[in-house]
Structures are given as structure tokens and as C-alpha cells.
Amino acid sequence: MVDGDDSSVTSFFPATLVPIARHPLVGGLRPDLYEQVLVQHLYRYLDFTAKLEYLVVNRAALGIAHGSVDLDLPEEMRLDALKIYCDEAYHTLMSVDLLQQIVARTGIEPQLPEEPYFLHRLATLRESVDAPLRPLLDLLFVIVSETLISGNLSAIPREDDLLPAVRDTIRDHATDEGRHHTYFAIFLRHLWGQLDERTRRWAALRVPQLIHIFLAPDTPSIRAELRGYGLSRDESEQVLAEVFGGDTVRQYTRSSAQQTVRHFAALGIMDDPEIREAFEREGFDTDLAATEVRAV
Ligand SMILES: [Fe+2]
Ligand SMILES: [Fe+2]
């Protein structure tokens, strides 16, 4: 909760994890506007989390638990999916609740897009594939996101000067997501074993794009935010180009996705030159050693 002993708090979100905060045009903003940069990042992060959980992950979790995901799975995996469904609903609640508490405490109104960028891009990709393949695309995105998110969360709780409510919420989430990561790595193997060769290839070729969709910065939302601080159009574009341009996002994506790529590589997909080439073209390592996944 926001109330509590947080007298030593210096930030609502670690500035080191807010890419635009490092740019001189943002670092030079008035102190109250600079604080808004961190708060808006926190809002965007919480909104991303809430919508990922209840609009994407929980649809898959419910489908697995309820049996509408048409796969042959051990009964305990259906029950575990129900537990994940409850976890994700709780993560949504904590995210929405924390967001509202920060608004009440700071008086800073969220500048959030109607639809986070990842949802917009996922919907666009979904529209582009044949309808019968869309449920598989949804499952792949959930596998990708559930094996990426645990790494994303683990860096944040180490920050000492963070508002305790933020740190505790993220730390608790990270603990749950560690279990979900293991579950979906195992789920991937069950799924893969029940796809025919042609569908496996189709699925493997979608994975690089799904990783990019999950990890890409929400540049439309950040652009609007920067204009809101009084930066000109040219200045906003300069910040975006210098913070997210060049190889920066690609390097971040490559390192963040290593574990996810390992899970797919362990299925043997990199033996197919076309699939290997697709991963490499999109900036991913394809020679990662497979890691063992054990049930917890
Ligand atoms: Fe979650
Ligand atoms: Fe999860």
C-alpha cells in the first residue's frame, strides 16, 4: 500500500529503468515535470501489466483450465492454469489499485493511451493471419510474454530508494511470474508435441515478431507525453531517436529474450535454416545452449 514508512523515498520508479529520463532534454526539465516523467512511466507500466494479464494471459489461462484450449494435457496442468488465472487477476487488481493510489497521492493524472502499443500491434498481427490460426498465435504470445516478463520484473525490486508500495508490488509479482515462467516453458513442450510439422514451422516463424511486440517501447504514447511537457515536435523526435534509435532497442531485446529463445531452440527449431535465419534477421542469438526446465 502507498501509506507506510516511505520517508526515504526518492522515486516512484527507478530513473535508471526509464529510458527517456537519461536524455538531456528530459533531464533538464523542471523538477516537478521530471518527477512526472517517472510517475507516467510507472502508470504506463501498471497499465501494461493490468491489460496484459486480464486481456491476454488470463484468456489463455482460462482456456487451458476450462479445457477449451484443445490440447491433451495432464490434469494437474489444468489445475495449475486455474491457479495462474487467479494470480493474474490479483496482479491486475494490484496494478490498478496502486495506480489509483499514486494518482491520489501525487495529483498527477495518467496520460495513458486507450490501447497500449503491444495490444495494438498484437491485434494488427492477429488480423493478418488466417482465422483458424489465431488461437495458436494467442497461445504463442502468452508463452512468449510469460517467459519474458519474469526477467523484466526481477531488476526492479533491487532499487533501494523506490516507493515501498511499488517495490513490494513488483517483487510479489516477480515471485509469481517465476512459477508461471516454468509452467509455460513446460506448456510449450506439450503444445509443440501436438502440432504437425507444417504448423510448427508457421508457429516458429511468428516468434521473433511476438517477442518484439512484447518488448518494444510504447513510442506513440511516449511521444505524446513528451509533447505534454512542452517539448517541440522536433525535440520530441530527437529524444525518441536518440533514446530508442540505432541498435539500442535491438540489443535490449536480444538480451532480454535469451531465455525465451532458448525454450524455442530446445524444441529443435533452429535446425531449420529458414527459421534460424528469421531469428537472426530479427536480431536474436540462435546458438544459445538449451537450459533444462523442471517443474516446481
Ligand atoms: Fe502476472
Ligand atoms: Fe504470469
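What you see is a predicted model; the values in this text were computed from it and never measured. Just so it is clear, the values below take in all heavy atoms, side chains as well, and ignore hydrogens, waters and symmetry mates. All residue numbers refer to positions in the sequence shown, counting from 1. When a ligand or atom number is given, it counts from 1 through the structure's own listing order.
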Peer 1: Can you name the N/O/S atom of Glu146 that is nearest the Fe ion (ligand 2)?
Peer 2: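 Closest to the Fe ion (ligand 2) among those atoms: OE1.
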Peer 1: What's the ND1-the Fe ion (ligand 1)-OE2 angle here (His91, Glu177), rounded to 10 degrees?
Peer 2: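 Output for this angle: 110°, rounded to tens.
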Peer 1: Answer yes or no: does atom CD of Gln209 have more than 12 heavy-atom neighbours from other residues, nucleotides or ligands under 6.0 Å?
Peer 2: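 Not buried by this count: 12 neighbours or fewer within 6.0 Å.
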Peer 1: With the Fe ion (ligand 2) as the point of reference, which N/O/S atom of Glu88 is the closest?
Peer 2: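 Closest N, O or S atom of Glu88 to the Fe ion (ligand 2): OE2.
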Peer 1: Hey, is there an N, O or S on Glu53 sitting under 2.8 Å from the Fe ion (ligand 1)?
Peer 2: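 Yes, since at least one N, O or S atom of Glu53 sits under 2.8 Å from the Fe ion (ligand 1).
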Peer 1: Is it true that a side-chain atom of Asp176 and a backbone atom of Asp87 form a donor plus acceptor pair closer than 3.5 Å?
Peer 2: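 Flag not set: sc Asp176 to bb Asp87 has no pair under 3.5 Å.
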Peer 1: Going through the checks in order, is the salt bridge (charged side-chain N to carboxylate O under 4.0 Å, His left out) test met by Arg30 and Asp32?
Peer 2: CA-CA 6 Å; Arg30 288 196 326 254; Asp32 61 314; 2.9 Å; yes
Peer 1: For Glu274 and Arg201, what are the C-alpha separation, side-chain angles and deciding distance, and is it a salt bridge (charged side-chain N to carboxylate O under 4.0 Å, His left out)?
Peer 2: CA-CA 9 Å; Glu274 191 189 342; Arg201 286 194 84 245; 2.4 Å; yes
Peer 1: Between the Fe ion (ligand 1) and His173, which N, O or S atom of the residue is the nearest one?
Peer 2: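 It is NE2, the N, O or S atom of His173 closest to the Fe ion (ligand 1).
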Peer 1: Counting backbone and side-chain atoms alike, does Asp87 have an N/O/S atom under 2.8 Å from the Fe ion (ligand 1)?
Peer 2: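 False for Asp87.
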Peer 1: Parallel, tilted or perpendicular for His212 and Phe284, by the 30°/60° rule?
Peer 2: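 Rings of His212 and Phe284: tilted, 30 to 60°.
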Peer 1: Fit a plane to each ring of His120 and Tyr117, take the angle between them on a 0 to 90° scale, and name the class: parallel (under 30°), tilted (30 to 60°) or perpendicular (over 60°).
Peer 2: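 Ring orientation of His120 relative to Tyr117: parallel.
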Peer 1: Give the name of the N/O/S atom in His180 that lies closest to the Fe ion (ligand 2).
Peer 2: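 So the atom name we want here is ND1.
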